[in-house]
Amino acid sequence: MVVDRSRQRQAGQPTRRQARCEAIWRAVAAIPRGSVATYGGIAASAGYPRAARLVGYALKTAPDALKLPWHRVVAAGGRIVFAQGSRLHREQRRRLESEGITVRRGRVAVARVEDLDALLWGSDG
DNA sequence: GTTGTGACATTAT
DNA sequence: CATAATGCCACAA
């Protein structure tokens with residue numbers, strides 16, 4: 001049995017990044033309509049706690065064909081990560097309000113977002 | 001191998 | 001509430 005520490009991955013196998021991105025994409029796709037989740041919550045739901053930044057990377061590189069509900073992903077405290085006035089900010093706000101979620105001063109008008117992403121991992125929703 | 005950066009989070013000040 | 005410092009994972013130079 002050969003032991004190649006430097007190149008464990010076989011040719012054609014998915015890279016770590018790809019595997020993580022796929023898990024993250026699935027977690028994002030699982031966000032119920034009308035709810036919002038945090039980057040950290042998605043990372044945890046995907047099985048990678050503390051990988052909130054990776055969620056951002058995954059969303060940025062996500063193929064449009066997946067039609068992911070990226071607008072349901074907000075930062076801790078329900079804040080929209082995009083700068084107010086930016087195109088993506090208005091886009092996300094518009095999509096959220098389209099689902100009945102109110103946005104005030106760059107934040108979703110949800111009492112506790114943590115409770116929401118908490119129901120994502122544990123409860124059936 | 002080091003440094004800088006990014007759709008982030010947490011903690012300290 | 002605003003800033004700064006760390007931690008986190010992955011990528012680009």
Interface with DNA chain B, restricted to residues 81-89 of chain A and to heavy atoms under 4.0 Å =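 Nucleic-acid contacts, sorted: Val81(A), Phe82(A).
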Who are the salt bridge (Lys or Arg N to Asp or Glu O under 4.0 Å) partners of Arg93(A), not counting sequence neighbours?
->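 Salt bridge (Lys or Arg N to Asp or Glu O under 4.0 Å) list for Arg93(A), sorted by chain: Glu97(A).
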Partners of Arg107(A) by salt bridge (Lys or Arg N to Asp or Glu O under 4.0 Å), sequence neighbours excluded?
->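 Not a single residue meets the salt bridge (Lys or Arg N to Asp or Glu O under 4.0 Å) criterion with Arg107(A).
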Which nucleotide in the list [options] gets nearest to the side chain of [X]?
| X | options | result |
| --- | --- | --- |
| Leu54(A) | dA9(B), dA10(C), dA7(B) | dA10(C) |
| Thr38(A) | dA10(C), dA9(B), dA7(B) | dA9(B) |
| Trp70(A) | dC8(C), dA7(B), dA9(B) | dA7(B) |
| Tyr39(A) | dA10(C), dA9(B), dC1(C) | dA9(B) |

Protein-nucleotides 11-13 of chain B N/O pairs closer than 3.5 Å?
none

Can you measure [X] atom [atom1] to [N] atom [atom2] for me and round it to whole angstrom units?
| X | N | atom1 | atom2 | answer |
| --- | --- | --- | --- | --- |
| Arg20(A) | dA10(C) | CZ | C1' | 9 Å |
| Ile42(A) | dA9(B) | CD1 | P | 11 Å |
| Ile24(A) | dC9(C) | CD1 | C1' | 9 Å |
| Arg79(A) | dT10(B) | CZ | P | 10 Å |

Rounded distance in Å between the C1' positions of dC8(C) and dT5(B) =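 Those two atoms are separated by 14 Å.
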Pairwise P distance for dT6(C) and dA7(B), with rounding to whole Å =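 Approximately 23 Å lies between the P atom of dT6(C) and that of dA7(B).
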Which pair of heavy atoms, one from [X] and one from [Y], lies closest together, and at what distance?
| X | Y | answer |
| --- | --- | --- |
| His89(A) | Ile80(A) | ND1-CG2, 3.5 Å |
| Thr61(A) | Cys21(A) | OG1-SG, 4.4 Å |
| Ala29(A) | Leu68(A) | CB-CD2, 3.9 Å |
| Val74(A) | Gln92(A) | CG1-NE2, 3.8 Å |
| Ile101(A) | Gly34(A) | CD1-O, 3.5 Å |

Are any protein N/O atoms closer than 3.5 Å to N/O atoms in nucleotides 11-13 of chain C? If there are, list each pair with its distance.
| from | atom 1 | to | atom 2 | distance (Å) |
| --- | --- | --- | --- | --- |
| dC11(C) | OP1 | Arg17(A) | NE | 2.4 |

Carboxylate-amine/guanidinium proximity below 4.0 Å for Arg95(A) and Glu91(A) =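 Looking at Arg95(A) and Glu91(A), the cut-off is met.
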Are the side chain of Trp25(A) and the backbone N or O of Leu66(A) linked by a donor-acceptor pair below 3.5 Å?
->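 Side chain of Trp25(A) to backbone of Leu66(A): no pair is present.
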With a 4.5 Å heavy-atom cut-off, do Val73(A) and Thr38(A) have their side chains touching?
->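 No - every pair of side-chain heavy atoms lies 4.5 Å or more apart.
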Given side chains that start at C-beta, do those of Leu96(A) and Val108(A) come closer than 4.5 Å, heavy atoms only?
->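 In contact.
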Could you give the distance from OG (Ser98(A)) to NE2 (His71(A)), rounded to the nearest 0.5 Å?
->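 Ser98(A) OG to His71(A) NE2: 7.0 Å, rounded to 0.5 Å.
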Report which part of the nucleic acid Arg107(A) touches: base, sugar-phosphate, or nothing (heavy-atom distance under 4.0 Å, all strands).
->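 Sugar-phosphate, no base atom in range.
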Pairs under 3.5 Å (N/O, protein and nucleotides 2-4 of chain C):
none

Start with the C-alpha gap between Tyr39(A) and Leu59(A), add the side-chain angles, then the distance that decides, and say whether side chain to side chain contact (heavy atoms under 4.5 Å, CB included) holds.
-> CA-CA 10 Å; Tyr39(A) 286 86; Leu59(A) 287 177; 4.0 Å; yes
Going only through I, L, V, M, F, W and Y residues with side-chain contacts under 4.5 Å, is there a path from Val55(A) to Tyr48(A)?
->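 No, Val55(A) does not connect to Tyr48(A) through the hydrophobic network.
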